[in-house]
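Below is one structure; the comments refer to it alone.
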Number of protein chains: 2
Amino acid sequence: MDRKEISQAVIQRLPRYYRYLEDLMDQGIERISSGELSKRMHLTASQIRQDLNNFGGFGQQGYGYNVANLHDEIAKILNIDRENPMIIVGAGHLGQALANYTNFQKRGFILKGIFDINPERIGKEAGGIKILPMTEMKTLVKKEKIRLAAICIPKSESIKVVDDLISYGIEGIWNFAHIDLDVPKHVVIENVHLSESLMRLSYRLFEELK
Amino acid sequence: MDRKEISQAVIQRLPRYYRYLEDLMDQGIERISSGELSKRMHLTASQIRQDLNNFGGFGQQGYGYNVANLHDEIAKILNIDRENPMIIVGAGHLGQALANYTNFQKRGFILKGIFDINPERIGKEAGGIKILPMTEMKTLVKKEKIRLAAICIPKSESIKVVDDLISYGIEGIWNFAHIDLDVPKHVVIENVHLSESLMRLSYRLFEELK
DNA sequence: TAGATTGTTAATCGATTAACAATC
DNA sequence: TAGATTGTTAATCGATTAACAATC
């Protein structure tokens with residue numbers, strides 16, 4: 001499928017649309033107009049229509065959008081309409097927090113392995129599966145053809161580990177380490193730099209006083 | 001201090017500059033030009049100079065920027081040049097992960113309390129302090145004049161808890177619950193919607209195939 | 001001084017908003 | 001059919017990049 005490049009701004013908003021549509025379904029709402037959705041999401045109706053029309057005409061004049069249909073279409077766009085096996089590297093509190101998010105499993109992200117170097121953690125359970133030693137990562141990633149890995153280890157170790165993971169076939173890195181990793185072009189990284197997020201909050205908290 | 005509104009895009013980048021300056025200091029680098037920094041950060045030199053000049057002329061023609069000085073200036077802009085007491089609501093894995101991030105303490109975010117409703121967790125330690133019952137939140141927030149709270153509880157409970165916190169004097173919410181909270185204008189929210197982050201990664205992971 | 005690099009203005013690019021004809 | 005609301009083009013707004021005089 002050939003189509004024009006989608007901007008980062010649009011991609012940023014897509015999962016949020018998905019979440020709102022989920023909520024609408026839970027509330028039993030069957031159809032919604034861009035105007036009504038714009039009020040709930042604090043966006044303009046124009047932006048919603050522009051965003052969606054990057055991917056296709058999902059609405060109907062005079063009617064609006066069918067909630068369940070749009071929900072499914074966005075799931076397809078985000079590729080969460082299938083099972084996405086993933087692993088978590090690092091079984092500290094953060095790794096375990098991710099392992100236990102039932103939300104992820106619900107959206108097709110199936111936890112296939114969680115790894116740690118700490119012998120005290122190995123063998124215990126997290127997210128319903130046993131924590132494995134990192135030496136077993138290679139075999140599992142290759143055998144299960146896993147493409148997604150969450151990095152929940154200190155930045156000092158993450159460079160080496162990520163290089164290894166990529167050599168095993170990992171193509172998507174969900175990075176929680178406080179470092180910007182260099183990766184080949186075919187690998188995508190989504191950074192979650194929590195300390196930067198907290199600093200932004202700090203800035204905005206004091207902004208009004210200036 | 002009256003000055004023109006700073007755009008969200010700039011605020012987004014500020015903590016990243018701070019992190020790179022920290023790294024430069026660790027490497028013993030004393031001065032850096034916008035050109036050299038732009039290469040490391042994969043930005044344009046022009047953007048760096050534009051960003052910084054929103055807050056003042058921190059550089060010197062023919063020399064560049066003094067790393068330690070710029071680092072301190074950005075700390076001031078972000079308000080992490082002082083101690084910011086904070087609390088964490090929810091002592092599950094995520095709450096405990098945040099409580100144990102030494103990075104936060106290093107940047108002046110001092111954990112004053114961590115709360116939970118689960119009796120099994122209460123009394124145990126997280127981040128060097130005892131987990132308290134949520135009934136004690138009000139007293140602590142008021143006594144210590146705490147402005148910052150991290151929300152690590154399920155979305156179903158977070159609406160009520162956040163309303164309460166705001167009534168106690170909290171003005172900054174670091175929200176990890178999967179919901180967009182409605183708050184009065186004087187309260188700022190920084191959302192960390194992890195499931196949305198994972199969906200963005202999923203989109204980009206499959207994007208090339210289309 | 002000469003060279004380097006900033007601060008800042010102007011030009012460009014891209015994203016958001018407005019408007020409206022098409023159409024359900 | 002009439003009213004509502006989309007899809008889409010055009011206008012506006014804002015952010016990024018380029019250029020260069022100022023100056024250390």
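Side chains are part of it too, since the values below use all heavy atoms of this structure and drop only hydrogens, waters and symmetry mates. Just so it is clear, the model here is predicted, and its values are computed rather than measured. In the text below, chain A, chain B and the rest are named by the order of the sequence lines, each starting its count at 1.
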Practice task
Report yes if at least one side-chain N or O of B/Tyr63 is closer than 4.0 Å to OP1 or OP2 of C/dG7; otherwise report no.
Solution key: no
Exercise for the section: Check the side chains of A/Tyr203 and B/Asn79 for a donor-acceptor pair under 3.5 angstrom, ignoring hydrogens and angles. Expected result: no
Exercise for the section: Report yes if at least one side-chain N or O of A/Arg13 is closer than 4.0 Å to OP1 or OP2 of C/dT16; otherwise report no. Expected result: yes
Problem - Integer-rounded Å distance: D/dT16 C1' and B/Leu52 CG - result: 15 Å
Problem - Out of C/dC24, D/dT8, D/dT6, whichever nucleotide has its closest atom nearest the side chain of A/Asn53 - result: D/dT8
Handout entry: Side-chain ion pair, B/Lys76 and B/Glu73, N-O less than 4.0 Å
Key = yes
Fill in the blank from the handout: Paired to D/dC24 by Watson-Crick or G-U wobble criteria (both distances under 3.5 Å) is C/dG3
Handout entry: Test: B/Lys160 and B/Asp164 ion pair at under 4.0 Å
Key = yes
Practice task
Would you please confirm or rule out a distance under 4.0 Å between OP1 or OP2 of C/dC24 and any side-chain N or O of A/Tyr65?
Solution key: no
Completion exercise
In Watson-Crick or G-U wobble terms, with both distances under 3.5 Å, the base opposite D/dT9 is C/dA18
Exercise for the section: Take atom CZ of B/Arg49 and atom C1' of D/dA15, then tell me their distance rounded to the nearest Å. Expected result: 16 Å
Exercise for the section: For B/Phe58 and C/dT6, give me the distance from atom CZ to atom C1', rounded to whole Å. Expected result: 13 Å
Handout entry: CZ-CD distance between A/Arg40 and A/Glu36, expressed to the nearest 0.5 angstrom
Key = 5.0 Å
Handout entry: A/Ile32 CD1 - D/dA4 C1' separation (whole Å)
Key = 15 Å
Handout entry: DNA chain D: 5'-proximal contact among A/Gly64 and A/Gln50 (nearest heavy atom)
Key = A/Gly64
Practice task
Verify the distance criterion only: is there a donor paired with an acceptor across the side chains of B/His193 and B/Asp180 at less than 3.5 Å?
Solution key: yes
Practice task
Select base, sugar-phosphate, or nothing to describe what A/Ser46 touches, counting heavy atoms under 4.0 Å on all strands.
Solution key: base
Handout entry: Contact under 4.0 Å: A/Gln47 side-chain N or O vs C/dT16 OP1/OP2
Key = yes
Practice task
Specify the separation, in whole Å, of atom CZ of A/Arg31 and atom C1' of D/dT5.
Solution key: 9 Å
Exercise for the section: Give the rounded distance in Å between these two atoms: NZ of B/Lys39 and C1' of C/dT5. Expected result: 13 Å
Fill in the blank from the handout: Atom CG of A/Leu43 and atom P of C/dA18 are separated, to the nearest Å, by 13 Å
Handout entry: Atom-to-atom span, CD of A/Gln12 to P of D/dA15 - whole angstrom
Key = 16 Å
Exercise for the section: Please determine, for the side chain of A/Ser7, which listed nucleotide (C/dG7, C/dA15, C/dT5) has the closest atom? Expected result: C/dA15
Completion exercise
Result for 5'-nearest mapping on DNA chain C, choosing between A/Ala9 and B/Gly57, is B/Gly57
